Amino acid sequence: MKILVAGGAGYIGSHTIVELLNSGYEVVCVDNLYNSKLKTIKNIVKIASKNIPFYKVDCTDKKKLEKVFLKEHFDTVIMFQGYKAVGESVKEPLKYYRNNIDSALTILELMDKYSVHNVIFSSSATVYGKNAKSPIKESDDALCLNEITNPYGETKAMIEKILMDKSNADKNFKAVILRYFNPVGAHSSGLIGEDPNGIPNNLMPYIAKVATNKLPYLNVYGNDYKTKDGTGVRDYIHVVDLAKGHVAALKCFKGNKNNLFIYNLGTGKGTSVLDLVNAYKKSNKLNVKYKIVGRRLGDIDKLYCNPKKANNELKWSAKLNIESMCESSYNFEKNN
Ligand code: UFG
C-alpha cells in the first residue's frame, strides 16, 4: 500500500509517517510548510532510515496537487492538512473555512478523478460539542454546529459530514474518521515533536516552555470546575500511540463491507491540569511554576472518551502513560 500523507510535516503527521514506515508502508508527503519545517522531513528520514518523496504543495492548489497525483500512484490518503489553532479560528474564521474545507474538497475531488478510494481523516473530540457527557462514545451526539464553540471545530464537523455524504453516494469510497482527544508528547528520539509558532495555546507545550525557562509560569485557567481538584480534565494521549492508531485504522480498507468508520482515539482516562503539572515535575525532576487565573472562554470541565470501539475493532489501544508523555515532551523541548 502506498499512502499520500497530506500535512505530513506537522506534529501528528510526522509521527504517523514514522509509524507507517516502521510498518513497511510506502509514503509520499505533501505539506505547504505553513506551520511546519523542512527539518522535520529530514528528521523523519533519520529516525526511520528510509527516504520519502516530499512535495512542498498547498493542498488548496489543485493544479500542483494534481501533478503529485499523476506522478505518484498511491491508493490511500491520510488528511492532516488544516489549520488547528482554536483561538485564531475565532479571530479569523474565513481563513479557517477557506483553508480547511477547500483543501479537503480538493483532495477528495482528485481522489475521485484518479480512483483513489481510501481516506483517513484527522478529526477531533471537539465535534462532540460543549454539552458532551464523558466518557464519550462514537454513537453520542456529534456534529451539532450550535454546540461546537469555534470555527476550527466547525470545519472538522463539516468535513466529517462531507465524508459521510460521499460514502453514502459512492460504495467504492471508504473513509475512516479518527476523533483525537488531546495528543501530547514527542518521539523518543527527541527529533520530532510539537513545535508551535509563538506562545503555545495548548497546555502541554506551554508547560514545556515553563519547564525550560522560556516562559515564566503557567496560567491555570480556572480551579472552580466540577472536577476533583477544580481544574479542567482532559484525555491526554501520547502522539506515538495516536500515530499507531492510524496504522491500525488501515485495516478498515481491507475486505470490509462497511465504507464509513468512526473511532475515538484516546486513553479513556481523565487527567486534570494540576495532575499533568505534577506528573511533569515528577517525571523530569524539575519545577513548573503556575498561577491560578480565571476560566478560558469556551472551555468545559471534562472531556475524555470511551475508547472501546477502537480497542475492539482496530485491535489498538493507547499504551504509553502520562510519565512517558511528560518525559518525551521535555526531552524534545530541551533539544529544540
Ligand atoms: N489550560 C490551562 N492553561 C493553558 C492552556 C490550557 O490551564 O495555558 C487548560 C485548559 O483550560 C484545559 C486544559 O488545560 O482545561 C487543556 O487545554 P488545551 O488547550 O491543551 O486543550 P483543549 O482540550 O482545550 O483543546 C484540545 C485541542 C483542540 C481540540 C480539543 C478537542 O487544542 O484542537 O482538544 O477536545 F479540538
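Because the structure is a prediction, the values reported are computed rather than measured. In listed order, ligands and their atoms are each counted from 1.
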Pairs touching residues 162-208 that satisfy ring pair (Phe, Tyr, Trp, His ring centres under 6.0 Å), sequence neighbours left out: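 Listed by first then second residue: Y180-H246.
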Flag side-chain contact, heavy atom, 4.5 Å: T106 against L65: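 When only atoms from C-beta onward are counted, L65 and T106 do touch, with a gap below 4.5 Å.
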Carboxylate-amine/guanidinium proximity below 4.0 Å for D195 and K37: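 Salt bridge: yes.
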Check: Y83 ring centroid to Y34 ring centroid under 6.0 Å: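 That pair passes the under 6.0 Å test.
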Hydrophobic cluster of L297, others only, ordered by chain and residue number, side-chain cut-off 4.5 Å: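 So far as hydrophobic clustering goes, L297 is joined with none.
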Would you mind writing out a table of all protein N or O atoms found under 3.5 Å from any N or O atom of ligand 1, naming both atoms and giving the distance to 0.1 Å?
| from | atom 1 | to | atom 2 | distance (Å) |
| --- | --- | --- | --- | --- |
| ligand 1 | 3 (N) | N219 | O | 2.7 |
| ligand 1 | 7 (O) | N219 | O | 3.4 |
| ligand 1 | 7 (O) | Y221 | N | 2.9 |
| ligand 1 | 11 (O) | D299 | OD2 | 2.5 |
| ligand 1 | 17 (O) | R296 | NH2 | 3.4 |
| ligand 1 | 19 (O) | N202 | ND2 | 3.0 |
| ligand 1 | 19 (O) | R296 | NH1 | 3.4 |
| ligand 1 | 19 (O) | R296 | NH2 | 2.9 |
| ligand 1 | 20 (O) | N202 | ND2 | 3.4 |
| ligand 1 | 20 (O) | L203 | N | 2.8 |
| ligand 1 | 21 (O) | N182 | ND2 | 3.2 |
| ligand 1 | 23 (O) | N182 | ND2 | 3.0 |
| ligand 1 | 23 (O) | R234 | NE | 2.7 |
| ligand 1 | 24 (O) | R296 | NH2 | 3.0 |
| ligand 1 | 32 (O) | N202 | ND2 | 2.7 |
| ligand 1 | 33 (O) | Y152 | OH | 3.4 |

Partners passing salt bridge (charged side-chain N to carboxylate O under 4.0 Å, His left out) against K67 (at least two apart in sequence or in another chain):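 K67: no salt bridge (charged side-chain N to carboxylate O under 4.0 Å, His left out) contacts found.
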